Amino acid sequence: MNLYENIIKNNNHTETPSPYVPVMGTVERVTRVTEHERLFVIAPSNKELLNYCPGQFYMVGLPGYGEAPISITSGPGQEKEFEFCIRAVGNVTNALHRLRKGDTVFIRGPFGTGFNLEEMKGKDILFVAGGIGIVPMRSLIKAVLNDTKSYGRLSLIYGSRNPDDILYKEEFEEWKAKGLDMRLTVDKPHPTWKGNVGVVTTLIPKIEVDPARTIGVIIGPPVMYKFVILSFRDKKITDDKIFVSLERRMKCGVGKCGHCQINSSYVCQEGPVYRLKDLHSLPEAI
Amino acid sequence: MDNKKYAFITEKDFKGLVTGLIKEYKVFGTIKKDGFPAFAGITSFDELELFQSPTHLSAKEFLFPQRETLLKFNIQNKTHEPVIESGEQVIIGMHSCDIHALTLMDRVFAAGTPDPNYLSRRAKTIIIGTECFPDKFCFCKSVGTMTVEEGFDIFLHKLKKGFLVRTGSVKGEEILSRLTKSRPAAFKEIKEVEALQKVKEGSFITTLDAPAEELPGIYEKSDNSPVWDRIGAICYGCGSCNHVCPTCYCFDIKDEVKANLKEGERVRVWDGCMVEDFAKVAGDHNFRGLRANRLKHRFNRKFRYLTGKFDALFCVGCGRCSRTCLVNINIAEITNELIREHNKK
């Protein structure tokens with residue numbers, strides 16, 4: 001007996017559930033966060049979808065337009081609804097931006113691997129987010145801030161193009177109150193901007209780092225990773241203690257369509273969260 | 001060769017078998033199209049022509065169609081119904097490399113989250129393989145796919161008179177006994193096939209200069225080879241190689257809406273890693289914008305990346321990509337060049 005006889009011929013595959021059927025969700029609230037991003041609070045009709053980890057993503061779609069991979073931005077442990085922050089850049093995301101309270105949206109997931117919170121416990125964490133990278137980072141930050149006693153010092157460096165593009169401003173006071181050391185920077189300041197100007201790496205030297213007990217997390221635009229990694233190396237944080245989340249094109253979410261592949265790794269299966277050390281064998285990654 | 005496994009049928013019995021299958025099933029077989037061998041639907045035995053060299057397009061389209069519906073949706077009613085388009089079908093004339101390719105597709109679509117669209121179609125497909133002979137592009141001998149032991153229902157070896165028949169499944173045995181008369185093969189018929197295989201083995205114009213098991217390691221060390229930029233400079237990025245490859249299975253998913261704007265389908269269509277926007281994300285960042293990098297990716301998928309996951313080379317040596325390439329990029333020649341570079345180091 002071979003694979004052909006065993007797996008293929010002796011099964012009734014018409015009863016295998018199609019991985020492409022989405023779950024319906026209802027838009028509970030829409031908040032305009034910046035000119036390009038909106039925050040959607042969505043209640044899925046199947047509550048199993050709420051069982052996710054920070055770092056995972058969903059395929060969010062509308063019939064007639066298709067689906068787009070969207071990272072989870074709410075903290076874990078939700079019981080009724082979850083949050084997606086979506087930038088309008090393509091066909092699907094522009095259509096999603098037209099959704100209002102009460103509208104229907106269709107979701108598959110969660111997909112991919114999330115952040116390993118257990119491994120971060122007892123450690124200092126240095127979060128570095130660039131641009132829309134704060135969206136998946138927020139899910140992780142919320143998880144950590146919910147349980148600050150289990151972690152050491154928590155620092156966030158967040159860089160934006162300009163002050164108007166800064167996401168989640170209204171939550172910063174709460175994050176700081178819970179113990180997050182926050183440092184913001186922008187590339188193009190307004191005359192009223194009093195904060196730091198320049199790329200995120202200009203702020204890394206200012207953070208006190210104990211490399212023996214620090215975990216670094218980087219999420220940002222493709223160009224950012226290399227430079228932040230170099231700054232982390234200056235701080236002697238080793239590659240086994242650095243985690244990144246990588247963006248790629250996604251179509252199926254189930255490790256078949258090939259779009260998300262980085263060398264031999266399917267991002268929708270083994271990513272989007274990777275340990276930097278594991279990327280040494282994947283030169284296409286960063 | 002174990003003679004218990006072998007049966008013999010005459011030319012007339014073969015005609016009876018094919019005619020019987022046509023009566024019961026949708027049958028695809030090899031025909032001559034524009035002067036080249038091709039798979040097509042056949043409705044009579046006379047249309048079928050068995051070829052020694054591979055078809056230009058592989059038979060993957062019958063199991064993994066170029067376009068297939070995954071879901072039917074209704075925008076007004078907010079419903080999504082899964083669609084599995086599969087029917088009983090027969091494919092006649094697949095060669096050893098093609099059947100190997102099919103078993104690789106089986107592993108891909110059965111692994112992890114199983115894909116019911118492919119698997120149900122595969123379960124309902126009867127594969128009748130036929131013996132072949134290498135042309136100047138074939139190199140199956142070098143990648144271990146010159147002969148095949150599984151993945152088919154019936155395999156036919158053409159003799160001077162009649163066919164030697166191997167069955168590879170219960171279904172194959174059932175069809176053979178129900179639709180035709182066969183008898184156990186005689187010793188001299190088995191000897192005839194063995195002699196033909198010896199000739200076949202000695203007739204390869206194209207071979208790889210390293211054993212198959214060393215190829216993943218050789219590719220692993222080839223990332224910085226000058227080969228990629230050289231072929232990247234001439235490649236059109238047209239994706240023909242993806243198209244004709246029997247183990248290229250990457251796809252796109254698209255929505256198609258009917259004119260009433262209420263109903264539509266979510267469809268899966270073939271995509272190819274050689275096409276420019278394959279790895280492009282929203283905001284126009286392209287993770288594989290250079291053709292050299294796309295070629296490196298495709299070749300590595302065949303000889304290295306998927307080997308780690310499925311424990312087999314994903315190049316079956318059919319030579320289709322080399323045969324079809326508009327600028328004559330030849331996968332065997334490139335691999336041999338990488339082998340030479342590797343040996344020099």
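The sequence lines fix the lettering, A, B, ..., with proteins before strands; numbering per chain opens at 1. Computed from a prediction, not measured in an experiment: that's the story for all the values here.
- For the set A:Gly66, A:Gly61, A:Ser18, the count of heavy-atom pairs under 4.5 angstrom toward chain B peaks at A:Gly66.
- Using a distance-only test at 3.5 Å, with no hydrogens or angles considered, a donor-acceptor pair links the side chain of B:Gln89 to the main chain of B:Phe62.
- Of all the listed residues (A:Lys256, A:Glu284, A:Met24, A:Glu247), the one sharing the greatest number of non-hydrogen pairs under 4.5 Å with chain B is A:Lys256.
- Both the sub-6.0 Å distance and the 45° axial angle are not jointly satisfied by A:Arg275 relative to the ring of A:Phe243.
- Contacts between A:Ser265 and chain B at a heavy-atom distance below 4.5 Å involve the backbone alone (N, CA, C, O).
- With a 4.5 Å cut-off on non-hydrogen atoms, A:Tyr20 touches chain B through its backbone and its side chain both.
- The environment of A:Glu35 atom CD is sparse: at most 12 non-hydrogen atoms of other residues, nucleotides or ligands sit within 6.0 angstrom.
- Neither the backbone nor the side chain of B:Arg121 comes within contact range of chain A; no heavy atoms are under 4.5 Å apart.
- Ranking A:Pro22, A:Pro19, A:Pro283 against chain B, the residue ahead of the rest is A:Pro22, based on heavy-atom pairs under 4.5 Å.
- Both the backbone and the side chain of A:Cys252 come within contact range of chain B, each with at least one heavy atom under 4.5 Å from a heavy atom of that chain.
- Only the side chain of B:Phe287 has a heavy atom closer than 4.5 Å to any heavy atom of chain A.
- Within a 6.0 Å radius of CZ in A:Phe227, no more than 12 heavy atoms belonging to other residues, nucleotides or ligands are found.
- Taking the six-membered ring where tryptophan is involved, the planes of B:Phe64 and B:Trp270 are essentially parallel, since the angle between them stays under 30° and well short of 60°.
- With a 4.5 Å cut-off on non-hydrogen atoms, A:Gln269 does not touch chain B at all.
- Proximity to chain A (any heavy atom under 4.5 Å) is restricted, for B:Phe73, to the side chain, taken from C-beta onward.
- For a residue to count as touching a neighbouring chain, one of its non-hydrogen atoms must lie under 4.5 Å from one of that chain's; by this rule A:Pro221 does not touch chain B.
- Proximity to chain A (any heavy atom under 4.5 Å) is shown, for B:Lys78, by both the backbone and the side chain.
- The most heavy-atom pairs under 4.5 Å with chain A, out of B:Arg288, B:Lys254, B:Arg268, come from B:Arg288.
- Within the cation-pi definition used here (under 6.0 Å to the ring centroid, within 45° of the axis), A:Arg138 qualifies as a partner of A:Tyr168.
- Only the side chain of B:Leu71 comes within contact range of chain A, with at least one heavy atom under 4.5 Å from a heavy atom of that chain.
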Steps toward side chain to side chain contact (heavy atoms under 4.5 Å, CB included) verdict (A:Ile42, A:Thr26): CA-CA 5 Å; A:Ile42 294 165; A:Thr26 307; over 6 Å; no

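- Neither the backbone nor the side chain of B:Asn74 comes within contact range of chain A, judged by heavy atoms closer than 4.5 Å.
- Between chain B and the options A:Gly64, A:Gly258, A:Ala68, A:Ser281, the largest number of non-hydrogen pairs under 4.5 Å is found for A:Gly64.
- Heavy atoms closer than 4.5 Å to chain A are found in both the backbone and the side chain of B:Asp252.
- In this structure, B:Asn242 contributes its side chain and B:Met274 its backbone to a donor-acceptor pair below 3.5 Å.
- Ring to ring, A:Tyr58 and A:Phe82 are close: their centroids are under 6.0 angstrom apart.
- B:Tyr305 and A:Asn263 make their closest contact through OH-ND2, 2.6 Å (heavy atoms, listed as atom of the first residue, atom of the second, distance).
- Contacts between B:Lys280 and chain A at a heavy-atom distance below 4.5 Å involve the backbone alone (N, CA, C, O).
- A distance-only check finds no donor-acceptor pair linking the side chain of B:Thr167 to the backbone of B:Ile154 [under 3.5 Å].
- When the candidates B:Glu81, B:His80, B:Glu256, B:Arg266 are compared by the number of heavy-atom contacts under 4.5 Å with chain A, B:His80 comes out ahead.
- Looking at A:Pro222, only its side chain comes within 4.5 Å of chain B, counting heavy atoms on both sides.
- Taking the centre of each ring, B:Phe314 and B:Phe310 come in below the 6.0 Å mark.
- Counting heavy-atom neighbours within 6.0 Å of B:Arg67 CZ, excluding the residue itself, gives a total above 12.
- Contact tally against chain A (heavy-atom pairs below 4.5 Å) for B:Asn117, B:Thr113, B:Val257: the top residue is B:Thr113.
- With a threshold of 4.5 angstrom between heavy atoms, B:His285 approaches chain A through side-chain atoms but not through N, CA, C or O.
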